[in-house]
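Data first, discussion second: the structure below is written as structure tokens.
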Amino acid sequence: MIISQQTQKLIQRYQAWQRGLEPAKQGTAVIHVDEVASKVAVFYEKIRGVIDWREEHLFRRAGIERILKRRLFLTKTGENLAESFVLELIRGGYFPNDRIEETKIQDVQRILDKYIFILQKSHAISGEKIKFQLYDWLLSLAACEVEEILEPNRRERALIEFMEESMREKIIAPAGMIDSEKNTQISIGVQQALFKLDKNTISYQLLKEKYPDWFNLPQLRLEEISQNIYSIWKTIEKDLTHPLAGKFYKILERYDTPYLILGDVLSVDPQKAQEMILNTGTLEGAIKETYSKRLHKLSSRLKKAAIFSTISIFLTKMVLAFIAEIPVDIYILHHQLNLQALGLSIIIPPFLMFAMVLSIKPPKKSNLEKVIMETTKIIFTTEKKDNYKIYTSKKRGFLLSAMIFIVYLITFFISFKFILWSMDKLSFGLMSKIIFIIFFSLIFFAGAKIRERAKELSVEEERGGLFSFLFDSFSLPFLRLGQWLSGQWTRFNIVMVMITALIDMPFHLFTELLEQWRYFIKEKKDEIR
């Protein structure tokens with residue numbers, strides 16, 4: 001069997017990634033932060049991460065974006081911002097201490113200057129809401145670029161590009177779809193399927209594909225982009241919301257497992273990867289071992305996701321109970337405080353989350369054999385290529401569409417009516433009902449996402465039974481509501497707004513003062529002879 005050229009190229013890129021992990025050469029100036037101040041800051045960031053829980057792969061990017069927004073709010077111009085910004089990121093544990101070269105500070109400052117220039121020079125856009133959304137989008141891109149500069153994700157990008165190239169040959173697009181459109185949807189789908197990257201991270205990658213010189217834009221090019229940034233933003237948004245995006249993702253998500261497994265196999269020892277692959281018995285053993293490790297890691301990650309997302313919503317629910325539910329029920333609606341109803345409204349959503357997680361079943365044993373077969377197929381050159389066709393949705397007639405809409409309304413009415421009836425029986429107040437439905441929907445949506453993540457290693461097509469069909473039908477209204485609310489939740493989490501306003505800024509000023517005070521003490525001690 002012959003290793004394909006694509007696989008050989010991937011092995012070379014993994015070898016380059018491994019060489020890049022070596023510490024900086026002796027004598028190279030690296031960024032250092034005080035260990036005591038760092039421990040204090042890391043502890044704070046972990047506590048904050050429990051309250052404002054994000055999935056692991058989004059946690060660092062979200063932290064960079066939050067700190068950047070706070071520091072830009074204080075300085076406005078962003079002049080000489082990079083050093084203090086990078087120091088805070090390292091102090092908070094987002095990047096390793098004594099590993100990042102000092103020259104990276106200049107690169108980060110150049111990134112910040114670029115995005116601030118675009119914000120200042122972009123043509124006037126009507127509507128404050130649109131301006132805020134554009135500002136938010138650009139700063140999320142800046143956070144992505146800062147993360148990439150401080151710790152390049154070479155291994156992940158290599159695997160993404162490997163799968164993209166492979167899938168371009170296998171996926172058959174519908175008639176009328178041009179190659180560039182197809183390739184863009186494959187790129188978006190692969191990033192979502194392999195590493196569950198969010199819209200902002202994918203937007204940044206699409207922007208780099210559109211402008212290969214994005215990191216070092218000539219001044220004239222930068223001015224041109226600044227003037228057209230709104231249309232660039234809308235073009236990327238259009239790509240992300242393509243009518244067939246879901247169909248591309250469904251195929252790519254189903255066949256991403258062999259690529260993940262291959263990536264894990266190569267990561268063990270890239271230098272000896274080619275020799276190991278050519279030994280059939282060794283390769284199969286390596287696939288089985290990495291599959292077992294990833295299955296265990298997936299199980300652990302799902303449990304962590306369930307616990308931390310539940311704690312996050314639980315704590316926010318407690319705060320809302322004290323600042324909204326209880327005051328409104330007692331002082332506005334003049335209802336007597338019902339501790340039983342209040343307790344149930346707090347306990348039921350977390351209980352639902354754990355019930356959903358506990359119902360997740362591991363892949364069948366037959367799945368491993370398929371994973372071995374599919375992984376082998378993407379490694380070696382084969383004469384026969386698999387093809388996956390994208391089918392467009394058939395247009396429904398007016399009568400059929402009307403009937404489906406009516407059925408949806410009926411399931412919507414029954415679902416919400418049942419929940420409202422249950423809350424009436426438990427003597428929930430008006431405000432308690434509203435907040436409970438919000439949290440119930442958020443938990444339902446989060447649970448559904450966790451269940452979807454559980455399919456990460458499955459290449460077998462899932463076939464639902466009657467119970468699954470009924471459950472999906474009547475839970476759809478809550479899923480749709482939860483999906484919309486989750487987007488608002490990350491932006492307007494009331495607990496995090498309070499923490500940011502009252503604690504975040506003073507705390508980081510304290511950690512900087514602590515660091516400088518320790519340096520001052522050290523200097524004075526050094527003066528004593």
Side-chain angles (χ1 to χ4, degrees), residues 6-7 10 13 54-58 61 144 153-174 177 181-206 208-209 236 239-267 287 290-291 294-295 297-299 301-302 305 360 363 367-368 370-371 373-375 377-379 385-391 445-446 448-462 483:
Q6 293 173 340
T7 306
L10 179 67
R13 294 185 67 178
R54 309 284 181 107
E55 291 192 72
E56 191 175 338
H57 62 287
L58 300 177
R61 217 285 324 284
C144 292
N153 52 351
R154 296 188 184 96
R155 180 174 56 167
E156 288 80 3
R157 292 312 311 173
L159 194 61
I160 286 170
E161 289 170 19
F162 174 71
M163 185 174 175
E164 284 179 15
E165 189 176 352
S166 175
M167 283 298 178
R168 284 184 195 131
E169 299 174 359
K170 297 177 181 179
I171 288 182
I172 301 174
M177 177 179 266
E181 187 181 6
K182 167 191 164 181
N183 293 341
T184 297
Q185 290 309 308
I186 289 174
S187 176
I188 293 170
V190 166
Q191 292 178 77
Q192 290 174 331
L194 271 182
F195 298 112
K196 305 300 181 284
L197 301 183
D198 64 343
K199 286 177 62 176
N200 292 330
T201 308
I202 297 172
S203 293
Y204 171 63
Q205 297 301 331
L206 292 177
K208 287 201 304 178
E209 288 178 17
I236 291 175
D239 289 333
L240 291 168
T241 56
H242 193 280
L244 295 177
K247 294 185 181 295
F248 275 90
Y249 173 76
K250 188 176 180 180
I251 289 175
L252 295 165
E253 196 277 332
R254 183 181 174 191
Y255 293 102
D256 67 334
T257 305
Y259 298 90
L260 290 169
I261 295 298
L262 176 58
D264 291 347
V265 168
L266 297 182
S267 298
I287 292 172
T290 53
Y291 178 87
R294 185 168 276 273
L295 189 61
K297 188 177 178 181
L298 176 63
S299 176
R301 195 164 66 235
L302 292 176
I360 296 173
N367 186 67
L368 175 56
K370 290 188 177 181
V371 168
M373 181 182 68
E374 293 293 336
T375 306
K377 282 161 65 175
I378 65 172
I379 292 173
K385 297 287 184 182
D386 292 330
N387 289 320
Y388 314 122
K389 191 168 184 179
I390 302 291
Y391 293 95
F445 177 67
K449 285 188 70 178
I450 290 172
R451 289 180 65 86
E452 190 64 29
R453 288 294 299 273
K455 301 174 185 175
E456 182 179 288
L457 293 178
S458 181
V459 294
E460 295 181 315
E461 192 170 0
E462 188 181 54
Q483 184 180 24

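Positions are given from 1, in the same order as the sequence printed here.
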Residues that [X] engages under salt bridge (charged side-chain N to carboxylate O under 4.0 Å, His left out), provided they are two or more places apart:
{"X": "Lys199", "result": "Glu237"}
{"X": "Glu253", "result": "none"}
{"X": "Arg155", "result": "none"}
{"X": "Arg157", "result": "none"}

Looking at residues at least two apart in the chain, or sitting in another chain, which of them share a side chain to side chain contact (heavy atoms under 4.5 Å, CB included) with [X]?
{"X": "Met373", "answer": "Lys377"}
{"X": "Asp264", "answer": "Thr290, Arg294"}
{"X": "Ser166", "answer": "Gln6, Lys170, Tyr259"}

Taking only residues two or more places apart in sequence or in another chain, which ones pass side-chain hydrogen bond (donor to acceptor under 3.5 Å, both in side chains) with [X]?
{"X": "Asn153", "value": "none"}
{"X": "Tyr291", "value": "Asn367"}
{"X": "Thr201", "value": "Arg61, Asp198"}
{"X": "Glu164", "value": "Arg168, Ser187"}

Spacing of Ile390 atom CD1 and Lys250 atom NZ [to the nearest 0.5 Å]: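 If we round to the nearest 0.5 Å, Ile390:CD1 and Lys250:NZ are 10.5 Å apart.
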Stepwise side-chain contact (heavy atoms from CB on, under 4.5 Å) check, Thr257 with Glu374: CA-CA 9 Å; Thr257 305; Glu374 293 293 336; over 6 Å; no
